[in-house]
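I have placed the structure first, in the form of structure tokens, so that the comments after it can refer back to it.
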Number of protein chains: 2
Amino acid sequence: MTGEQNEKPGRKPRVRDAEATKARILEAAKKEFAKKGLGGARVDDIAEKAKANKRMIYHYFESKEGLFQTILEEAYLDIRNAEQKLHLEDLDPRAALEKLVRFTWEYYLKNPEFLTLVNSENLHRAKHLKKSEIVKASSRKLVNMVSSILERGVKAGVLRDGIDPVQLNITIAAVGYYYLTNRFTGSIIYERDLMAKDALEQRIQFNIDTIMRIVAA
Amino acid sequence: MTGEQNEKPGRKPRVRDAEATKARILEAAKKEFAKKGLGGARVDDIAEKAKANKRMIYHYFESKEGLFQTILEEAYLDIRNAEQKLHLEDLDPRAALEKLVRFTWEYYLKNPEFLTLVNSENLHRAKHLKKSEIVKASSRKLVNMVSSILERGVKAGVLRDGIDPVQLNITIAAVGYYYLTNRFTGSIIYERDLMAKDALEQRIQFNIDTIMRIVAA
DNA sequence: CAGTTAACGCACTAACCAGTTACTTCTTTT
DNA sequence: AAAAGAAGTAACTGGTTAGTGCGTTAACTG
């Protein structure tokens with residue numbers, strides 16, 4: 001009566017764990033949406049891979065689209081958060097930009113789901129992302145960061161003036177994103193394995209060089 | 001046999017016209033696949049919009065995937081063919097590259113289906129494109145063209161040496177492709193209408209500038 | 001013009017799929 | 001210890017979807 005049901009105090013052998021189940025669903029759904037897209041993913045498959053009952057998905061996320069929206073928002077917040085952790089404001093302007101180019105490339109490389117999720121969201125004309133104010137806010141921070149790097153660089157005379165930070169941001173993403181999201185068709189079109197170790201190294205060098213040439217004073 | 005069956009020579013009032021039906025199916029399917037992706041497109045919808053019977057799709061293209069493969073191949077051949085018609089070999093190296101950057105941008109802008117079809121194909125790990133030898137051959141021509149432009153430019157002293165034509169090609173595509181395929185999420189993230197007339201003009205200028213800086217001697 | 005071929009269409013099916021109903025089991029609260 | 005509520009499950013539903021069987025009709029051939 002006083003607690004002798006549980007012989008090992010301090011341990012919680014909970015069979016039921018809402019947070020853990022939720023996390024398993026999110027993880028499984030991210031992989032599934034990334035692999036098949038929003039339309040191609042199957043709720044039953046997600047439930048199975050999450051080792052959760054399908055009913056739980058509807059319990060926690062209301063609908064398939066609700067689940068997708070949650071995952072998409074988390075994905076954006078994750079990359080924006082990782083960018084903030086680079087502390088680019090502490091580096092000199094040129095080094096800061098190089099670090100951002102390298103980070104963006106490596107993030108896409110390590111998190112290819114991000115690319116597919118964004119593609120899927122654009123196929124749906126960004127209807128889910130539209131609703132997210134927090135993603136907008138965290139993106140604004142990134143643009144401001146690049147903006148201030150450019151300003152510092154111009155003042156120090158190491159970067160040229162008149163560059164639109166949004167265009168630069170888009171281009172930094174573009175040169176990595178395109179290469180990686182189209183790695184399958186690209187490997188056929190260009191008749192070389194774009195994902196081979198030396199091909200990847202060659203590409204990141206080319207991208208850093210490209211961005212540096214854009215901003216050079 | 002003498003031609004008197006048809007009172008109006010040069011006109012074919014055929015009720016049954018295999019070629020026309022096939023063409024209508026292809027056109028409708030391209031739009032549908034572009035809008036919904038391979039997984040999201042519905043064969044019934046394609047048939048309806050093509051004003052053809054669903055049975056005809058299976059008669060001409062065997063399966064939904066067979067239809068997709070035909071459309072994808074046609075799409076690639078169309079852009080590769082249009083590129084050849086630019087006759088870049090007749091222009092001086094710098095003008096040739098600028099023309100290619102501008103063409104690529106405008107092609108994507110006028111044929112947004114191309115972007116979505118390629119995205120969809122990459123979601124399926126290029127399994128359909130793999131089978132197409134003719135697409136490989138026509139892509140090779142493009143790389144060779146850029147390669148020879150670079151060579152001419154180096155000889156003339158107007159372009160720098162040591163640029164990998166494949167990396168350049170990829171980058172020319174990337175700076176336009178990324179901007180346009182992600183126009184929906186991009187317009188939210190960057191809090192501006194990326195498809196506004198002046199935004200588009202600003203972007204193509206930025207892209208030309210970017211490519212010119214990459215190749216500058 | 002009879003016979004053959006190819007274009008076309010109706011109506012069906014077997015599988016699939018997002019979402020739900022109705023229920024059981026576990027945990028916490030009082 | 002009993003009530004309350006949350007976590008979890010299985011089986012089902014109504015609608016959808018890729019793909020087909022089979023019959024019909026138009027166009028071409030000899």
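The figures here come from the full heavy-atom set of this structure, side chains too, leaving out hydrogens, waters and symmetry mates. The chains referred to below are lettered A, B, ... by the order of the sequence lines, with proteins before strands, and numbering in each begins at 1.
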Subject >> Value in whole Å for how far the P atom of D:dA7 lies from NZ of A:K22 >> reply: 9 Å
**OP:** Compare side-chain N and O positions of A:Y58 against OP1 and OP2 of D:dA7 and report whether any pair is under 4.0 Å apart.
**Re:** no
Original post:
How large an angle, rounded to 10°, do the end axes of the helix from C:dC1-D:dG30 to C:dT30-D:dA1 enclose when each is built from five base pairs?
Top reply: 10°
Original post:
Who are the ring pair (Phe, Tyr, Trp, His ring centres under 6.0 Å) partners of B:F61, not counting sequence neighbours?
Top reply: none
**OP:** Can you tell me the distance, in whole Å, between the CD1 atom of B:I57 and the P atom of D:dA18?
**Re:** 9 Å
**OP:** Determine whether B:T181 and A:Y178 make a side-chain contact, defined as any pair of heavy atoms from C-beta on separated by less than 4.5 Å.
**Re:** no
Original post:
Just how far, in rounded Å, is P of C:dA18 from CD of A:E65?
Top reply: 11 Å
Original post:
Expressed in angstrom and rounded to an integer, what is the separation of B:F61 atom CZ from C:dA7 atom P?
Top reply: 12 Å
Original post:
Quick one: B:F68 CZ to D:dA18 P, roughly how many Å, whole number?
Top reply: 14 Å
Original post:
Start at the 5' end of DNA chain D and walk down; is the nucleotide closest to A:K51 or to A:D44 reached first?
Top reply: A:K51
Just distance, no hydrogens or angles: give the donor-acceptor pairs under 3.5 Å from side chains in residues 37-55 of chain A, sequence neighbours left out.
residue, atom, partner, partner atom, Å
A:R42, NH1, A:G39, O, 3.2
A:K49, NZ, A:E32, OE1, 3.2
A:N53, OD1, A:R55, N, 2.9

Original post:
Which residue pairs pass the salt bridge (charged side-chain N to carboxylate O under 4.0 Å, His left out) test with at least one member in residues 178-194 of chain A, sequence neighbours excluded?
Top reply: A:E191-B:R140, A:R192-B:D164
Please table the atom pairs, donor to acceptor, closer than 3.5 Å between any side-chain atom in residues 72-79 of chain A and protein atoms at least two apart or in another chain.
residue, atom, partner, partner atom, Å
A:E73, OE1, A:S132, OG, 2.8
A:D78, OD2, A:Y107, OH, 2.5

Subject >> ring pair (Phe, Tyr, Trp, His ring centres under 6.0 Å) involving A:Y108 - partner list, sequence neighbours excluded >> reply: A:Y177
**OP:** Can you tell me the distance, in whole Å, between the CG atom of B:D45 and the P atom of D:dG15?
**Re:** 18 Å
**OP:** List in chain and number order the residues that pass side chain to side chain contact (heavy atoms under 4.5 Å, CB included) with B:A95, two or more places apart in sequence or in another chain; answer none if no residue qualifies.
**Re:** B:L91, B:D92
Any protein N or O atoms within reach of nucleotides 22-25 of chain D? Criterion: under 3.5 Å, listing atom names and distances.
residue, atom, partner, partner atom, Å
D:dT25, O2, B:R16, NH1, 2.8
D:dT25, O2, B:R16, NH2, 2.4

Original post:
Can you name the residues that form a ring pair (Phe, Tyr, Trp, His ring centres under 6.0 Å) with A:H128, not counting sequence neighbours?
Top reply: A:F68
**OP:** Not counting sequence neighbours, list each pair that qualifies as a salt bridge (charged side-chain N to carboxylate O under 4.0 Å, His left out) and has a residue in residues 199-213 of chain A.
**Re:** A:K197-A:E201, A:D209-A:R213, A:D209-B:R160
Original post:
Nearest of D:dT20, D:dA7, C:dG9 to any side-chain atom of A:M56?
Top reply: D:dA7
Subject >> Phosphate OP1/OP2 of D:dG8: any A:T21 side-chain N/O under 4.0 Å >> reply: yes
Original post:
Between the side chain of A:S187 and the main-chain N/O of A:L194, is any donor-acceptor distance below 3.5 Å?
Top reply: yes
**OP:** Check the distance between C:dC10's P and B:H59's NE2 and give it to me in whole angstrom.
**Re:** 17 Å
**OP:** Please list all pairs passing the salt bridge (charged side-chain N to carboxylate O under 4.0 Å, His left out) test where one or both residues lie in residues 56-71 of chain A, with sequence neighbours left out.
**Re:** A:E65-A:K127
**OP:** Write down the distance between CG (A:N53) and C1' (C:dC26), rounded to a whole number of angstrom.
**Re:** 15 Å
**OP:** Evaluate salt bridge (charged side-chain N to carboxylate O under 4.0 Å, His left out) for A:E27 paired with A:R24, printing each intermediate quantity in order.
**Re:** CA-CA 5 Å; A:E27 188 56 31; A:R24 283 204 316 283; over 6 Å; no
Original post:
Relative to the 5' end of DNA chain C, which residue comes earlier, B:K54 or A:S63, by the nucleotide with the nearest heavy atom?
Top reply: B:K54
**OP:** Mind running a 4.0 Å heavy-atom check of residues 24-42 of chain A against DNA chain C and sending the residues that fall below it, in number order?
**Re:** A:A41, A:R42
